Each structure stands twice: as structure tokens, then as C-alpha cells.
Student: 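Handing you a structure now.
The model shown is predicted, which means the values in this text are computed figures rather than measured ones.
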Amino acid sequence: MRIRIVDAFTDRPFAGNPAGVLLLDAFPDDDRLQRVALEVNHSETAFAHRLPAGGEADWALRWFTPATEVAMCGHATLATAHVLHTTGAHEGPVRFATRSGVLTATPREDGTITLDFPTAPLTPVQTPAGVAEALGAEPRTVLDTGPNIGDLLVEVADEKTVRGLAPDLTALAAHSERGVIATARAEDPARGYDYVSRCFFPNVGIDEDPVTGSAHTALAPFWSERLGRPDLTGLQASSRSGRVRTELRGGRTLLSGHAVTVIDGELLV
């Protein structure tokens, strides 16, 4: 198996969110996929294989964290599309058959790739008891993000609060299926982003995800409603950091960003 490590939602190496990408002839058994993902030990490893021509999708795509398979992953989809286009394995828009339906990735002239994902349905909920203590900040707004994402979206006071979070991950794990997205309005939009976020996913083996495409399918409608614009840029303020351009189109959200291949090797076992 040839394996590549790609930094997604960044235009420079050693930033953004790293993902393993393996292009296969077919999927091996799930146990082997999980073992490879554990060995790679990034937040997600993507496995893809080509589908017969003439169908609704071009490639089958699955994503695994070191602990489990997930229903949706933005950065590893971006990384896979980047590998397909930079290696010549696929030209033009690519359609992926996934557990979240058919997802499309389109290369742009500026070097970015745009993902077409379903918009997360947001449902306001009462702040669960213990969330403020586990997160280490008082929520302003709490929303459920629906089955594809499985997170709580928590708005906090300001950008400084988001950047300073040091949550109790064990306690946080009790409050959602995957984890918690913490967000706030940008302190200074002149810096090139409209809102900030950080993502903590202890229930799938990821303490903090560096840049989370899927979370932006919830962040985009949340902030588009508040800021009055469909086109926004989000900064995920992890230690690696990365930016996601979002465009809200009703039931679909477009996510755009760069990607960089940093390792190209061979899995020997």
C-alpha cells in the first residue's frame, strides 16, 4: 500500500490538519483498516478505491480515526482529493461515495479544493449540566449539530476565551456523541477571518482536532445567520491552525482550502 501524509486546510507544511491517504484497489477487512489508521495515528486516515464508470460516484471513501470509523470527515476528504489531482489519478471534480452520501470535491484555479457537504441541522438545546465546568468556560449558546456531526456547538464569550480553553476531556466526553466545537466571533475581522473555533473529540480518540472540515458545516450556518453573509472564513485556533472558507447554500455547505503533501511512502506490512 502506498501511503501519503497530507496537511489539509493549509498552504504550508507542518500546519493545518494532517491526514493519511491510501488509494487502494478495494477495501480490505475493517480490522486491517483500523490497524493502519492506528499506526498512522493522525486524527483521520482516508481509504479510497475507484468505482466502475457510469455510477453516481467515482471513488469509494472511508475515514478512520485511531479508534473508530467516522461518518464524515472534511480534512481527510480534502487530502484525498488533493492526492487524486496531484498524482493524475483523477482529473476535474471527483465524487466520493461515503457513509454521508455522495460528496464532491472540485479543484479551483487558485489551487484550493472546494468540498460540497451537507449542512448540519442545528437545534438549540439547554446547556447540559457540567458542560461549563468541563469546557472551562461559560456557554452563551449551545446547539446540537445532528447525526452526521454528533457534536455540541458551544458559543463562548470571545476569541480570547476560545484560544485559552483547557477542557477536562474525560468530563467533556459525557456530553455528546463525538465531542464539542467551541466558537466565538473574531476579535478583529481585518486579520482575514470572521470567527474562531476549537474542536475537542475525546469520544473518537482525538483530544483536539487541528482543523475540522465537518465542524464547519455547523459553524457556517451558525455564523452566517449572525453575521448576515453566506461567505465567511473560519480560523481553527489549534496549535497547528488552519483556515476554512465556507459558503452556505441552504442544505449544502461549501468548504474550501489548500492542502500540501508532506510524506509519500510505502506501507510494508
Side-chain angles (χ1 to χ4, degrees), residues 6-19 42-44 72-79 82 108 110-115 117 119-120 122 135-137 139-143 145 149 151-167 178-201 206-248 253-260 262:
V6 177
D7 291 342
F9 291 115
T10 181
D11 58 1
R12 56 190 175 89
F14 314 124
N17 200 350
H42 287 317
S43 53
E44 268 89 9
M72 180 184 289
C73 178
H75 87 278
T77 304
L78 179 65
H82 170 78
R108 303 298 185 188
D110 63 358
T112 62
I113 293 173
T114 297
L115 309 177
F117 272 40
T119 301
L122 301 181
L135 188 60
R140 282 186 167 180
T141 308
V142 180
L143 302 102
T145 60
I149 308 301
D151 298 327
L152 284 182
L153 175 61
V154 178
E155 182 190 10
V156 296
D158 51 31
E159 179 174 334
K160 182 180 179 181
T161 301
V162 172
R163 291 183 179 274
L165 291 173
R178 182 174 71 165
V180 169
I181 307 164
T183 188
R185 186 177 302 203
E187 180 180 320
D188 181 7
R191 294 176 180 172
Y193 55 91
D194 301 290
Y195 58 90
V196 296
S197 65
R198 288 175 67 193
C199 294
F200 308 100
F201 302 142
I206 304 167
D207 288 349
E208 181 171 3
D209 198 33
V211 190
T212 314
S214 60
H216 285 76
T217 67
L219 290 163
F222 181 82
W223 286 112
S224 288
E225 179 181 354
R226 281 154 182 76
L227 300 177
R229 306 197 318 273
D231 299 352
L232 300 171
T233 297
L235 174 74
Q236 196 152 329
S238 66
S239 59
R240 292 177 63 100
S241 189
R243 300 190 184 204
V244 183
R245 295 206 310 264
T246 60
E247 180 181 345
L248 188 63
T253 296
L254 304 185
L255 313 171
S256 297
H258 289 86
V260 181
V262 293

Student: Checking T183 side chain against V196 main chain: does a donor-acceptor pair fall under 3.5 Å?
Tutor: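 Indeed, once roles are kept as given, a pair shorter than 3.5 Å links the two residues.
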Student: Heavy-atom distance under 4.5 Å between the side chains of S43 and H75, does that happen here?
Tutor: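 They are in side-chain contact.
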Student: Under 3.5 Å, is there a donor-acceptor pair between the side chain of D194 and the main chain of T233?
Tutor: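 Looks like yes, one N/O pair under 3.5 Å.
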Student: Any donor-acceptor pair under 3.5 Å linking the side chain of T77 with the backbone of C73?
Tutor: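 Side chain of T77 to backbone of C73, a donor-acceptor pair under 3.5 Å: yes, one is there.
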Student: For E159, enumerate each residue passing the side chain to side chain donor-acceptor pair (under 3.5 Å) test, keeping only those at least two apart in sequence or located in another chain.
Tutor: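 Only R163, Y193 meet the side chain to side chain donor-acceptor pair (under 3.5 Å) criterion with E159.
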Student: Would you say the side chains of D209 and T212 form a donor-acceptor pair under 3.5 Å?
Tutor: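 Checked: D209/T212 side chains pair up, N/O donor to acceptor below 3.5 Å.
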Student: Nearest 0.5 Å, please: how far is OG1 in T141 from CG in L143?
Tutor: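 If we round to the nearest 0.5 Å, L143:CG and T141:OG1 are 6.5 Å apart.
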Student: Supply the atom-to-atom distance I113 CD1 to H82 NE2, rounded to the nearest 0.5 angstrom.
Tutor: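 Result: 7.0 Å between the selected atoms.
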Student: For residues L227 and L232, determine if any side-chain heavy atom of one lies less than 4.5 Å from a side-chain heavy atom of the other.
Tutor: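 Yes - at least one pair of side-chain heavy atoms lies under 4.5 Å apart.
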Student: Just say parallel, tilted or perpendicular for the rings of Y195 and W223, cut-offs at 30° and 60°.
Tutor: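 Ring orientation, 0 to 90° scale: parallel.
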Student: Please find the pair of heavy atoms, one from A137 and one from T161, that lie closest to each other, and give the distance.
Tutor: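 Where A137 meets T161 most closely, the heavy atoms are CB-CG2, 3.7 Å.
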Student: Between atom CG of L254 and atom OG1 of T246, what is the distance when rounded to the nearest 0.5 Å?
Tutor: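 Taking CG in L254 and OG1 in T246, the distance rounds to 9.0 Å.
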Student: For residues D7 and A15, report the shortest heavy-atom separation together with the two atoms involved.
Tutor: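 Closest approach of D7 to A15, heavy atoms only: CB-O, 3.3 Å.
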Student: Taking the side chain as everything from C-beta on, heavy atoms only, tell me whether L152 gets closer than 4.5 Å to I181.
Tutor: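 SC-SC contact between L152 and I181 ruled out.
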Student: For V162, does its backbone N or O pair with a side-chain atom of R198 as donor and acceptor, under 3.5 Å?
Tutor: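 Yes; judged by distance alone, with no hydrogens or angles, the pair exists.
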Student: Are D11 and H258 linked by a side-chain donor-acceptor pair shorter than 3.5 Å?
Tutor: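 Note: D11 and H258 side chains miss the donor-acceptor criterion.
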Student: Considering only heavy atoms from C-beta outward, does the side chain of S256 approach that of V244 to under 4.5 Å?
Tutor: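 When only atoms from C-beta onward are counted, V244 and S256 do not touch, as no gap falls below 4.5 Å.
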Student: Taking R245 first and then D110, would you say they form a salt bridge - that is, a charged N and a carboxylate O separated by under 4.0 Å?
Tutor: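 Answer for the salt bridge query: yes.
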Student: For residues P210 and N17, report the shortest heavy-atom separation together with the two atoms involved.
Tutor: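 Here P210 and N17 meet closest at CD-OD1, 3.3 Å.
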Student: Between Q236 and H216, is any pair of side-chain heavy atoms under 4.5 Å apart?
Tutor: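 The answer is yes, as the side chains (C-beta and beyond) meet within the 4.5 Å cut-off.
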Student: Under 6.0 Å from the six-membered ring centre of F14 and within 45° of its axis: does the NZ or CZ of R12 meet both?
Tutor: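 Output no; distance or angle outside limits.
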Student: If we only count heavy atoms from C-beta on, is the L255 to T114 side-chain gap below 4.5 Å?
Tutor: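 Counting from C-beta outward, L255 and T114 never come under 4.5 Å.
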Student: Roughly how far, to the nearest 0.5 Å, is CG of L165 from CD of E208?
Tutor: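 Spacing of CD (E208) from CG (L165) equals 8.5 Å.
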Student: Heavy-atom distance under 4.5 Å between the side chains of V262 and P18, does that happen here?
Tutor: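 No - every pair of side-chain heavy atoms lies 4.5 Å or more apart.
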Student: Taking all non-hydrogen atoms of both residues, which atom of T145 and which atom of A218 are closest, and how far apart?
Tutor: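 In terms of heavy atoms, the two residues are closest at CG2-CB, 3.8 Å.
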Student: Hey, what do you get for CG (L122) to CG (L219), rounding to the nearest 0.5 Å?
Tutor: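 It comes to 9.0 Å.
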Student: Apply the test side-chain contact (heavy atoms from CB on, under 4.5 Å) to residues M72 and F117: give CA-CA distance (whole Å), side-chain angles for both, the deciding distance (0.1 Å), then the verdict.
Tutor: CA-CA 9 Å; M72 180 184 289; F117 272 40; 3.6 Å; yes
Student: Between S224 (side chain only) and A220 (backbone N and O only), is there a donor and an acceptor less than 3.5 Å apart?
Tutor: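 Yes; judged by distance alone, with no hydrogens or angles, the pair exists.
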Student: Verify the distance criterion only: is there a donor paired with an acceptor across the side chains of T253 and T217 at less than 3.5 Å?
Tutor: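 No - no donor-acceptor pair under 3.5 Å links their side chains.
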Student: Can you confirm whether the side chains of S214 and R178 place a donor and an acceptor under 3.5 Å from each other?
Tutor: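 There is such a pair (donor and acceptor under 3.5 Å, judged by atom type) between the side chains of S214 and R178.
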Student: Hey, is the main chain of G16 close enough, under 3.5 Å, to the side chain of R240 for a donor-acceptor pair?
Tutor: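 Confirmed, R240 side chain pairs with G16 backbone.
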Student: Could you walk me through whether L135 and V156 satisfy the side-chain contact (heavy atoms from CB on, under 4.5 Å) test, starting with their C-alpha distance in whole Å, then the side-chain angles of each, then the deciding distance to 0.1 Å, before giving a yes or no?
Tutor: CA-CA 10 Å; L135 188 60; V156 296; 4.2 Å; yes
Student: Please tell me if the side chains of D158 and R140 come closer than 4.5 Å, counting only heavy atoms from C-beta onward.
Tutor: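 No - every pair of side-chain heavy atoms lies 4.5 Å or more apart.
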